[in-house]
There are 2 protein chains.
Amino acid sequence: MGDSSSPDASGDRRPGRIGIGLALDSVHFKILDILRAQGRISVAALAQRVGISRANAYTRFEALRADGVISGFSARIDHARVGLEICALIFVTVRQELWQQFRNALARMPEVEYCAVTTGQHDAMIQIRVPDVAAVHRLVTDQLSTIPAVRATETVIILDEALRRPYVLPSGPDFTETTPATPPGSTGASQFGMTRFIRAAEGRAELRSSTVEDD
Amino acid sequence: MGDSSSPDASGDRRPGRIGIGLALDSVHFKILDILRAQGRISVAALAQRVGISRANAYTRFEALRADGVISGFSARIDHARVGLEICALIFVTVRQELWQQFRNALARMPEVEYCAVTTGQHDAMIQIRVPDVAAVHRLVTDQLSTIPAVRATETVIILDEALRRPYVLPSGPDFTETTPATPPGSTGASQFGMTRFIRAAEGRAELRSSTVEDD
DNA sequence: GTTGAAATTAGTACGAA
DNA sequence: TTCGTACTAATTTCAAC
């Protein structure tokens, strides 16, 4: 609240209102990016890395949590180290009148890591993690195919996970620069909510360093 | 080290050796499960919830991190709240001799959240997050299809994410019970590494409560 | 939105069981 | 190994600027 009239003339941190939640500025995005990579960093260290005061960092941190932008924190667990060596995708054709049954059944299967409802040839894609390939077959035949909501399945084994970057953030200049290097209208800045092009090289070059997954 | 001869007769916490790393027992799994749901919990609170001493919790926590079982911590970010409303899957047919080029190109695309090399009809599946559907089309035509390594693509829009449970842990009795309720050989316990069946109801009933994503 | 205090809590290093 | 305690260092909270 407070950025109603002219969002372009507000100076340095142009907040981009998204949906109905709080307006996020470049500092918020910097915080999110750090917290995405190092979820257990102290707020004090966070403040220092972002370049704001402790109190400010606490306020923003709390606001992000309260507003649901940050829904929580997770340890990243190495699946292989924990006995889940095999990952597979199962494409499912669902009887349209039994969707809720299908969802309920999935919720009861701990091997299911992800389920997306999709357009296209199939209705849903689920991703599972199991100890060995035999378990994939067992899961499909003994569990999935016995659900009445499931009409057909198609299984694909994942041979390698080339990229794993959970909780990506928007690309574009808004999201790494905090210093007043970019005057509002001069460069190819893209306000969130607007559909403006950014030259690919620009937005990406500065993003790269902050996308690494450490800690 | 110390559990070489008879892992069944060791009593309560039967460690299951996985790969070459440290042997994980049920306490480790309980720690992992809590840390998966509440990545920012203090070690003191963790110790209390697991039912071990603070010192022990520190030791195990450090061991899990040092051994790479826990590779880090992440904030869970609500994509919609951050302006990334659209999620899509793109199935890619890759020129087999140009795989490395393909990987390198993906690494430079911040919209790509995940890429898996798969068996089946296509060679890879990538998942992207962008602000709107137009951006999906732009990404496929302007970026992906201009990579020489990409022979063909097939795009599917995700209408709903029915389940999102990153970093799942193995199912089975080993992974929630800490109390000596289960004598080693009597029930359908499944040692990790062995391929033994567990009756579905057993392993899952007790798992359900600890799979919820809070904080 | 920032700085600088106090109060609380976290992390470490011992011995003892 | 694991536990319990004491010690040190850090973080969070709360005040005033």
Side-chain angles (χ1 to χ4, degrees), chain A residues 1-3 7 10-16 22-32 34-35 37-67 69-70 72-73 75 177-180 215, chain B residues 1-18 21-32 34-35 37-67 69-70 72-73 75 174 177-180 184 215:
Chain A
M1 344 77 176
D3 55 296
S10 60
D12 176 24
R13 297 170 182 165
R14 293 143 291 141
L22 100 151
L24 303 175
D25 60 25
S26 58
V27 176
H28 284 119
F29 279 108
K30 201 161 183 182
I31 291 173
L32 289 174
I34 293 170
L35 252 26
Q38 293 172 235
R40 268 184 93 91
I41 194 174
S42 71
V43 183
L46 179 70
Q48 182 177 304
R49 282 195 51 181
V50 177
I52 55 175
S53 67
R54 266 98 38 90
N56 191 358
Y58 276 106
T59 307
R60 286 167 177 273
F61 182 87
E62 241 320 300
L64 287 170
R65 280 182 112 312
D67 229 70
V69 180
I70 296 175
F73 295 86
E177 86 176 21
T178 314
T179 47
D215 187 310
Chain B
M1 337 84 170
D3 55 294
S4 50
S5 48
S6 56
D8 282 4
S10 59
D12 177 24
R13 297 170 184 169
R14 292 146 290 140
R17 258 191 144 281
I18 295 160
L22 99 152
L24 303 175
D25 59 26
S26 58
V27 176
H28 284 119
F29 279 108
K30 201 162 182 180
I31 291 174
L32 288 175
I34 292 170
L35 252 27
Q38 295 171 234
R40 268 184 92 92
I41 194 174
S42 70
V43 182
L46 179 71
Q48 183 176 303
R49 281 194 54 179
V50 176
I52 56 175
S53 70
R54 227 153 59 87
N56 193 358
Y58 274 106
T59 307
R60 287 168 175 272
F61 182 86
E62 241 304 273
L64 287 171
R65 280 182 111 316
D67 230 69
V69 180
I70 296 174
F73 295 86
D174 271 328
E177 88 177 18
T178 315
T179 49
D215 188 310

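Naming: A, B, ... by sequence-line order, numbering from 1 per chain.
With rounding to the nearest 0.5 angstrom, the CG atom of A/Asn56 is 13.5 Å from the CZ atom of A/Phe61. In this structure, the separation between CD1 on A/Ile70 and CG on A/Leu35 is 4.5 Å, given to the nearest 0.5 Å.
Across the protein-nucleic acid pair, A/Arg65 atom CZ and D/dT12 atom P stand 13 Å apart, rounded to whole Å. Here the C1' atom of nucleotide D/dT1 and the NE2 atom of B/His28 are 11 Å apart, to the nearest Å. Distance A/Asn56 CG to D/dT13 C1': 16 Å, rounded to the nearest Å. Separating the CD atom of B/Gln48 from the P atom of D/dC3 is a distance of 14 Å, rounded to the nearest angstrom.
Residues B/Ile52 and B/Arg60 have side chains in contact (heavy-atom distance under 4.5 Å, counting atoms from C-beta outward).
For A/Thr59, there are no side-chain contact (heavy atoms from CB on, under 4.5 Å) partners, not counting sequence neighbours. Scored by the side-chain contact (heavy atoms from CB on, under 4.5 Å) test, A/Glu62 finds A/Arg65, A/Ala66 as partners (sequence neighbours excluded). Considering only residues two or more places apart in sequence or on other chains, B/Ala44 meets the side-chain contact (heavy atoms from CB on, under 4.5 Å) condition with B/Ser42, B/Arg54.
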Derivation and outcome, side chain to side chain contact (heavy atoms under 4.5 Å, CB included), residues A/Lys30 and A/Val27: CA-CA 5 Å; A/Lys30 201 161 183 182; A/Val27 176; 5.5 Å; no

Contact pattern, 5' to 3', of nucleotides 5-17 of chain C - B, S or - by protein heavy atom under 4.0 Å: -----SBB-----

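The end-to-end axis angle of the helix from C/dG1-D/dC17 to C/dA17-D/dT1, rounded to 10 degrees and based on five pairs per end, is 30°.
Using modelled atom types, one side-chain atom of B/Arg40 and one backbone atom of A/Ile41 make a donor-acceptor pair closer than 3.5 Å.
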